[in-house]
Amino acid sequence: MDALELLRLNLLSPMVLAYFLGVAARLLKSDLAFPEALYTALSIYLLFAIGFKGGVELSHTPLAVVLLPALFTLALGLFRPFPAYLLARRFLRVGREDAAALAAHYGSVSAVTFLAALTFVQAVGDALPGFMPTLVALLEVPGIVVALLLAKRKGGRMGEALHEVLTGKSVVLLLGGLLVGLLSGEEGMKKVEAFFVEPFQGALTLFLLDLGMVAASRLSALRQVGFRLVLFGVGLALFHGALGVYLGLLAGLGVGGAAVLGAMAASASYIAAPAAVRIALPEANPSLYLTASLAVTFPFNLILGIPLYHTLAVLWGG
Amino acid sequence: MDALELLRLNLLSPMVLAYFLGVAARLLKSDLAFPEALYTALSIYLLFAIGFKGGVELSHTPLAVVLLPALFTLALGLFRPFPAYLLARRFLRVGREDAAALAAHYGSVSAVTFLAALTFVQAVGDALPGFMPTLVALLEVPGIVVALLLAKRKGGRMGEALHEVLTGKSVVLLLGGLLVGLLSGEEGMKKVEAFFVEPFQGALTLFLLDLGMVAASRLSALRQVGFRLVLFGVGLALFHGALGVYLGLLAGLGVGGAAVLGAMAASASYIAAPAAVRIALPEANPSLYLTASLAVTFPFNLILGIPLYHTLAVLWGG
Amino acid sequence: MDALELLRLNLLSPMVLAYFLGVAARLLKSDLAFPEALYTALSIYLLFAIGFKGGVELSHTPLAVVLLPALFTLALGLFRPFPAYLLARRFLRVGREDAAALAAHYGSVSAVTFLAALTFVQAVGDALPGFMPTLVALLEVPGIVVALLLAKRKGGRMGEALHEVLTGKSVVLLLGGLLVGLLSGEEGMKKVEAFFVEPFQGALTLFLLDLGMVAASRLSALRQVGFRLVLFGVGLALFHGALGVYLGLLAGLGVGGAAVLGAMAASASYIAAPAAVRIALPEANPSLYLTASLAVTFPFNLILGIPLYHTLAVLWGG
Amino acid sequence: MDLVPLKLVTIVAESLLEKRLVEEVKRLGAKGYTITPARGEGSRGLRSVDWEGQNIRLETIVSEEVALRILQRLQEEYFPHYAVIAYVENVWVVRGEKYV
Amino acid sequence: MDLVPLKLVTIVAESLLEKRLVEEVKRLGAKGYTITPARGEGSRGLRSVDWEGQNIRLETIVSEEVALRILQRLQEEYFPHYAVIAYVENVWVVRGEKYV
Amino acid sequence: MDLVPLKLVTIVAESLLEKRLVEEVKRLGAKGYTITPARGEGSRGLRSVDWEGQNIRLETIVSEEVALRILQRLQEEYFPHYAVIAYVENVWVVRGEKYV
Ligand SMILES: Nc1ncnc2c1ncn2[C@@H]1O[C@H](COP(=O)(O)O)[C@@H](O)[C@H]1O
Ligand SMILES: Nc1ncnc2c1ncn2[C@@H]1O[C@H](COP(=O)(O)O)[C@@H](O)[C@H]1O
Ligand SMILES: Nc1ncnc2c1ncn2[C@@H]1O[C@H](COP(=O)(O)O)[C@@H](O)[C@H]1O
Ligand code: NA
Ligand code: NA
Ligand code: NA
């Protein structure tokens with residue numbers, strides 16, 4: 001499959017189309033709106049299901065196989081805040097707090113970007129290690145912690161923010177789901193796969209419809225913040241994405257796994273990081289980091305990034 | 001199958017029984033109540049899923065096959081407000097605004113009635129063209145616009161109401177789902193059918209349970225408004241239903257398709273129309289149009305109408 | 001399978017693990033929380049689905065087969081409030097109102113305990129009569145009524161409370177679902193099983209995650225109320241559970257059915273009873289009955305009780 | 001503009017009481033009411049979203065006389081056993097004559 | 001501490017009006033507003049959670065002048081046809097100068 | 001009837017602050033509080049239902065002294081960085097002695 005065909009394949013999946021539909025609905029000022037409870041319910045379902053599937057896979061994967069990918073993912077998590085922080089200071093010319101806030105977002109991971117990449121790679125037909133969700137859990141937290149440390153030297157609400165990160169609902173659901181899957185194994189999977197596995201992509205489609213609406217309502221903020229933020233969000237995604245693909249191949253994840261790790265590395269958090277940053281760095285401007293993460297980097301990855309990282313993985317490792 | 005057997009088949013489906021259960025729960029003053037978010041979530045799911053399935057079907061239907069049914073459906077949409085308006089003025093003796101409000105409701109379509117008819121026809125075993133959901137989308141809007149034009153000659157909040165109709169959530173979900181289905185085709189269907197297709201009838205059952213409760217809480221209003229409204233709602237359903245069956249056969253939809261088009265034509269809107277009417281015609285009495293549409297025409301079609309239109313289709317076209 | 005193996009099988013099911021995850025999330029002070037609408041939606045779904053499945057089974061079960069189990073279940077419902085009341089008065093030394101309130105809870109049944117027992121017995125591989133959900137519906141109401149009569153000799157809000165019990169949402173959904181299933185039979189089942197049957201255990205897993213959080217937030221209340229309440233909740237469960245197993249074997253339910261009836265008898269209500277008690281006995285202390293039912297008896301049954309009642313059933317009837 | 005000075009009575013109570021409170025205030029002379037969902041903490045501890053059912057916050061605009069009647073009734077009938085708080089304040093209401 | 005005496009205008013209306021009411025109050029001078037979901041009963045009967053859409057409860061803190069303008073507008077434009085109730089009361093606001 | 005004149009403090013804030021605000025008001029002397037979900041718009045733009053988390057509307061009935069302490073604390077600690085609005089008004093409370 002060539003790059004254009006990949007792009008087409010990605011653009012015409014129900015998930016990406018539903019995202020566009022959401023954007024269109026908001027731009028047309030439709031009264032379509034998801035109740036907050038539906039949004040929360042879908043995100044609880046998706047996060048737990050990702051974790052659970054990862055756990056079940058892990059239950060029949062030898063530790064030796066996971067070790068290297070896990071270490072590389074951890075390294076990615078610890079490293080990524082630095083380029084983000086520097087780029088924010090130098091290129092966006094924002095203050096310490098805003099830079100650290102952006103670093104926290106680009107140091108963590110977007111579970112939905114991960115899922116979109118997974119779906120894409122499966123549609124392409126590549127083999128894929130089963131433990132990828134484990135890596136998502138590993139990538140989520142460390143970057144946020146590093147970024148907060150970058151901003152604060154002394155006291156403040158650091159402790160509270162750390163607690164918020166570690167016990168935040170996305171971490172609890174991902175890691176908790178992982179444990180439940182790990183302990184209940186294939187036996188458990190058989191009982192609940194008609195709920196957590198089969199309808200999963202459809203639920204994701206509905207979630208992306210809502211996410212499209214949320215992102216579109218950020219577009220006006222984008223106009224205020226300016227074009228530099230677009231460059232920042234895309235540039236960082238490309239750099240982190242390439243790095244992720246490279247490390248993924250090095251870690252032996254194969255083309256499919258490397259493409260997914262690339263998409264994970266390229267993504268920016270919009271669940272765990274905002275909550276932590278709002279507490280630890282209240283002076284940072286939410287408009288900046290939410291717009292960058294949600295209205296620039298997320299759609300870029302969803303639409304162009306994922307096929308790109310895949311092409312890169314084929315090029316370097318195929 | 002004879003008419004009585006059809007009626008039994010219809011009455012004993014889980015959907016219709018769930019509707020009765022809802023009515024009973026309300027009459028018994030049970031504290032059973034659906035959270036608003038659940039009601040909204042189910043309606044988002046149902047509308048998007050109908051559209052999506054229609055779109056996928058459309059993706060492998062030649063345009064020529066759809067053209068005639070589409071034109072006839074459009075004609076139905078443009079025509080139906082007139083009998084409704086006249087009957088309301090002459091027989092119910094209500095004012096212009098109330099008549100136009102009723103015309104808007106009986107000029108649009110009830111998605112749930114459509115679904116119930118679809119389920120019924122599938123249970124009977126008739127062949128059915130796949131693009132029927134496309135027709136629902138076509139039938140939803142024109143009648144409302146015509147009816148509003150009937151009421152207003154000059155200005156007012158016409159523009160706003162039109163915007164409300166065209167970007168209302170039911171239109172966006174139906175048409176949007178259709179586009180998503182059309183573009184992602186069978187490939188997309190495979191990914192999400194475990195969510196949007198297989199559990200569909202069960203979700204509809206739950207929705208009808210709630211609808212039964214809503215309708216029952218309108219029954220006291222019915223007593224106030226009087227018996228004429230029952231005649232109005234049933235008479236109009238029968239006339240429009242027969243017309244729909246006839247045009248359906250003419251358009252080559254076959255017995256099954258004609259029965260479904262009949263049920264669609266016989267139905268009255270209770271999502272798109274009320275929202276538009278409340279804005280464009282605030283003087284019109286909501287008790288009148290909501291009661292007619294929800295507590296008369298909807299249950300009539302659900303229980304007796306659908307098997308009747310089917311019998312008619314067999315009679316005329318079998 | 002020996003008792004330890006059974007315990008392991010039970011502890012490592014996704015449902016029980018999800019419950020522990022919920023407890024852990026609350027103890028870690030995670031911000032994870034289910035929207036109220038999600039909790040309500042899941043409980044509506046679970047109750048209706050239990051009833052529906054029971055009804056479909058009943059539709060092809062001869063009345064003679066159900067009669068004895070039904071009578072024995074009714075007897076259990078009428079009897080169980082008395083030991084609960086006496087134990088509360090003598091051992092916990094609480095007043096009349098509190099004792100009657102506890103009796104109402106231990107005279108009714110917990111649908112989720114029933115489901116957990118059902119899942120467990122199916123995993124073990126025992127045969128199981130299909131009409132067990134019918135028995136849940138029978139066990140839910142009588143005990144509450146008896147308990148309220150124990151407390152009140154004259155007037156008060158007895159009538160209102162009785163209405164609350166009989167038209168409460170759990171009764172309406174269970175019995176209503178039963179009727180829908182009974183009338184629509186296997187035909188109806190085919191239409192909706194992809195919604196009400198296949199994903200059922202997964203939905204139950206999510207529900208138990210929430211229940212774990214709710215129970216954990218009761219743990220501090222437990223410390224105040226004291227250790228006697230733990231003995232009360234466990235002792236009563238064991239006594240009622242053994243009685244249930246015994247009667248189940250006597251009624252010819254077989255080992256599997258007797259184990260499930262044991263778990264039902266051992267359980268305490270936390271949906272129907274609290275609502276009724278709060279109205280009929282406002283002087284009773286909610287902290288007492290909610291803590292006993294939710295933070296003592298429920299987890300005891302879920303974790304240890306169910307395998308125990310099964311072992312007992314094997315011992316006495318295997 | 002006709003602004004009529006009236007009393008706004010606010011009652012926060014466990015949601016189980018909704019049906020009864022609505023009947024009470026209507027019986028005692030209120031022409032309408034508005035309810036918002038709520039949660040809270042007081043002398044009886046946390047009333048959480050989940051289990052014991054949440055609270056409701058019921059507001060009704062009434063004449064001073066009706067206000068006093070409602071509060072009296074609450075104090076006698078509901079305060080002893082239920083989680084309730086109630087207070088009254090002064091408001092100026094558009095077309096206020098509708099509500100007395 | 002700087003507490004500024006201002007007016008709190010509360011509007012309860014059918015939720016369909018939300019977009020229009022928000023535009024109105026902003027156009028008439030409000031610097032902000034807070035909305036909570038509500039349901040209720042009045043002269044037009046029960047406005048239930050389900051069907052006709054619920055009510056909203058809109059609050060805005062404004063100067064007396066703006067308050068009167070808003071109430072005037074409501075009385076003329078909305079009271080005849082829609083389910084609406086509106087009232088005003090006195091509040092003391094932290095950093096109140098932000099809201100005038 | 002015993003109606004005690006007290007202060008009703010209302011705080012509208014981003015919902016992320018809920019836990020902290022509850023701790024603050026309790027620490028400063030409030031005996032209880034009521035929270036309703038809310039959304040709104042102010043100087044920091046729209047606080048939508050979806051993303052940034054909605055607002056909460058926290059009410060607490062307290063003595064004048066406690067009211068001033070709470071508002072003081074809010075002004076110093078929360079107004080600079082968070083989306084918050086706070087005001088106080090006079091209410092008459094049934095069995096008001098419970099709340100001081
Ligand atoms: N001082 C207070 N200020 C505001 N709301 C309160 C206060 N005290 C109690 N409440 C509300 O009233 C409910 C019942 O209070 P209580 O009966 O004291 O447990 C609580 O759940 C709160 O929602
Ligand atoms: N006396 C009242 N006190 C409080 N809220 C009221 C009152 N009357 C009406 N309302 C609210 O205003 C809405 C519309 O009232 P109405 O236009 O009288 O039907 C109702 O649904 C209630 O939420
Ligand atoms: N004038 C106002 N009247 C009522 N609520 C307001 C007003 N201004 C702000 N708010 C509420 O306070 C929140 C924070 O305001 P701000 O800090 O100005 O962005 C908003 O989201 C609104 O819910
Ligand atoms: Na995230
Ligand atoms: Na409609
Ligand atoms: Na129960």
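To the nearest 0.5 Å, the span separating CG on L47(A) from CG on L32(C) amounts to 9.5 Å. With rounding to the nearest 0.5 angstrom, the CG atom of L17(C) is 9.0 Å from the CG atom of L179(A). Distance check, rounded to the nearest 0.5 Å: CD of Q201(C) to CD of E193(A) gives 11.5 Å.
Contacts of L183(A) with chain C are made by both backbone and side-chain atoms, with heavy-atom separations under 4.5 Å. Looking at L21(C), the atoms closer than 4.5 Å to chain A (heavy atoms on both sides) all sit in the side chain, from C-beta outward. Using a 4.5 Å cut-off between heavy atoms, L166(A) makes no contact with chain C at all. Proximity to chain A is absent for every atom of L11(C), based on heavy atoms less than 4.5 angstrom apart. Contacts between T205(C) and chain A at a heavy-atom distance below 4.5 Å involve the side chain alone, from C-beta outward. With a 4.5 angstrom heavy-atom cutoff, A33(C) touches chain A only via backbone atoms.
Nearest heavy-atom pair across S184(A) and S13(C) is CB-C, 4.4 Å. The shortest heavy-atom contact between V172(A) and A25(C) is CG1-CB, 4.0 Å. Taking each heavy atom of A37(A) and A37(C) in turn, the nearest pair found is CB-CB, 3.8 Å. When all heavy atoms of K29(C) and H163(A) are compared, the pair lying nearest together is O-CE1, 3.5 Å. The two residues E198(C) and A194(A) come nearest to each other via the heavy atoms O-CB, 3.4 Å.
Counting heavy-atom pairs closer than 4.5 Å to chain A, the top-ranked of the candidates L28(C), L204(C), T119(C), V16(C) is L28(C). When each of L38(C), L206(C), L42(C), D31(C) is scored by its heavy-atom pairs under 4.5 Å with chain A, the top score falls to D31(C). Considering only heavy-atom pairs separated by less than 4.5 Å from chain C, the leading option among A49(A), G176(A), G181(A) is G176(A).
Around CD of E187(C), the count of heavy atoms belonging to other residues, nucleotides or ligands within 6.0 Å does not exceed 12.
Between P35(C) and I44(A), some side-chain heavy-atom pair lies under the 4.5 Å cut-off.
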